[in-house]
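In what follows, a structure is listed as structure tokens, so that the remarks can point back to it.
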Amino acid sequence: MGGREGPGWSRGRCAPSPTLLLGLLMSAAPLGLLGEETRQVSLEVIPDLLGARQNLLHIRAVGTNSTLHYVWGSTGPPAALMVATNTPHSTLAVNWSRLLSPEPAGGLSVLPRGSVQFSSALVFTRLFEFDSTNTSEASAKPPGKPYPPYSLAEFSWNNITDSLDPATLSATFRGHPIHDPAGAFANGSLAFRVQAYPSSGRPAQAPRLLHSADTCQLEVALVGACPRGNRSLFGLEVVTLGQGPDCPSVQKQHSIDDEYAPAVFQLDQLLWGSLPSGFMQWRPVAFSQRQRGRDSALPCQASPLYLTLEYPLPQSPIVRGFFGSQTNFCAFNLTFGVPTGPGYWDEHYLSWSMLLGVGTPPVDSLSPLILGIMAVVLGAPGLMLLVGGVVLLLGQKQCSEYQPIN
């Protein structure tokens, strides 16, 4: 390929043609990766020049000396590719004829190839469902009798262009099983909403993950699907690339502050290599209502990462197109909810959010509310000592001014 453009190729650019893609350029917040201070973020849908409808979303964050690329697609199972380069001029190149062939290696690349400093991927392969009716232990593994899982590679997805929202830099992949004899998804769907950010901040809704311009957020929502049991719990299988013979590491951070996610004092993150590299970050909580209040919070349990050597995985053309015949994959399972308490059965609704980024993960600092409480708590003893000292001094002064009667 070597950077050539030929039949079946399309190339992502910072200033795209309005008939082919949507470019949304905005100033971004300072970044720690590669010393960049500002970035411009664009969101675009890469067209399939062969005429077939394919969903390929490209998020491009351009800095002075580097570029971050996030590629989301639903060709095969939903997948995300993240690439960091050391040039502001790197571009995404797609050879659709090769990408959609039985051997997609080389069908997707970031040019120039020598500029790539980091790359990895996530693939969402299966939706699990468990019957927890006769399960009383919240820590039971599995959390109930498993039903046959839904393979996300066998879902039909909407046209991503129809859901592109310029105001929020977001787009939604919404799908349902191609074969659904029981009609479980007749009025339901599984949605992957991707959102980029022009600056640092927090969303208005829980779990309010702290984001920056070098991250994008994914919200997974299961809405309206009929469960196969009265108290069904759902889960998600997440697959990523291994690092040599090992899997990426998972860290858990604890805090005394739960203002942004009430009753949740933990932040989990998956790290590819030593920092700064790539990361996936989430709070171990999901929600069973759209309002996402404390009363609808569900615990989110993550299994340890394991090498996927025992069973074949659905192949992602996007991942194979960029990495080739990569065989070292690691996976972990996320399970949402427990047999007791709130659950999907409340409103047939389930949502969970995560951040995907390159560089140093955002770090939560103590909120103003907690800092104010700490100031009051820690300052009260000092104030009492100060008042006590003043009272004692005044008392001594009054005693010294007393003149005895002779």
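The figures here come from the full heavy-atom set of this structure, side chains too, leaving out hydrogens, waters and symmetry mates. Small disclaimer: the values here were computed from a predicted structure and weren't measured. Position 1 is the first residue of the sequence; numbering continues from there.
Judged by distance alone, with hydrogens and angles left aside, the side-chain atoms of T215 form no donor-acceptor pair with the main-chain N or O of L356 at under 3.5 Å. Between the side chain of Q281 and the backbone N or O of F279 there is no donor-acceptor pair closer than 3.5 Å. Judged by distance alone, the side chain of S132 and the main-chain N or O of R231 form a donor-acceptor pair under 3.5 Å. A donor-acceptor pair under 3.5 Å is absent between the side-chain atoms of S189 and the main chain of A191, judged by distance alone. When atom types are taken as modelled, the side chain of T172 and the backbone of R174 share no donor-acceptor pair closer than 3.5 angstrom. Without hydrogens or angle criteria, D180 side chain to P177 main chain gives no donor-acceptor distance under 3.5 Å. With S163 contributing its side chain and I160 its backbone, the two residues share a donor-acceptor pair below 3.5 Å. A donor-acceptor pair under 3.5 Å is formed between the side chain of D165 and the backbone N or O of A167. Counting only distance, with no hydrogens or angles, the side chain of R202 and the backbone of R208 share a donor-acceptor pair below 3.5 Å. Q315 contributes no side-chain N or O that, together with a main-chain N or O of G76, makes up a donor-acceptor pair within less than 3.5 Å.
The ring of F124 has its center closer than 6.0 angstrom to the ring center of F192. Taking the six-membered ring for Trp, F185 and Y150 have ring centres closer than 6.0 Å. Two rings, from Y306 and F332, have their centers 6.0 Å or more apart. In this structure, Y70 has its ring center no closer than 6.0 Å to that of W72.
If you check the side chains of N95 and S97, you find a donor sitting under 3.5 Å from an acceptor. No side-chain donor from either of S277 and W272 sits under 3.5 Å from a side-chain acceptor of the other. Of the N and O atoms on the side chains of H69 and S90, at least one donor lies less than 3.5 Å from an acceptor on the other residue. Side-chain polar atoms of N55 and S74 form a donor-acceptor pair below 3.5 angstrom. A donor-acceptor contact under 3.5 angstrom links the side chains of T125 and E237, judged on distance only.
Within the 4.5 Å cutoff, the side chain of L152 has heavy atoms near those of the L236 side chain.
Atom CG of N230 is surrounded by 12 or fewer heavy atoms from other residues, nucleotides or ligands within 6.0 Å. Residue N187 qualifies as open at atom CG: its count of foreign heavy atoms under 6.0 Å is 12 or below.
Distance check, rounded to the nearest 0.5 Å: CD of Q251 to CG of L271 gives 4.5 Å. One distance of note links CZ of F130 with NZ of K145; it measures 13.0 Å at 0.5 Å rounding.
Under the 4.0 Å criterion applied to side-chain N and carboxylate O atoms, R228 and E129 are assigned as salt-bridge partners. The pair R290-E347 fails the salt-bridge criterion, with no side-chain N (NZ, NE, NH1 or NH2) lying under 4.0 Å from an Asp/Glu carboxylate O. Taking the charged nitrogens against the carboxylate oxygens, R292 and E219 do have a contact shorter than 4.0 Å, which makes a salt bridge.
The two residues F128 and P149 have their closest heavy-atom pair at CD2-CB, 3.8 Å. The two residues W352 and A286 have their closest heavy-atom pair at CB-CB, 4.2 Å.
Ring geometry for H211 versus Y197: interplanar angle under 30°, hence parallel rather than tilted (30 to 60°).
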Carefully, step by step, assess H254 and F265 under the rule ring-ring contact (aromatic ring centres under 6.0 Å, His included). CA-CA 6 Å; H254 298 274; F265 299 91; 9.5 Å; no
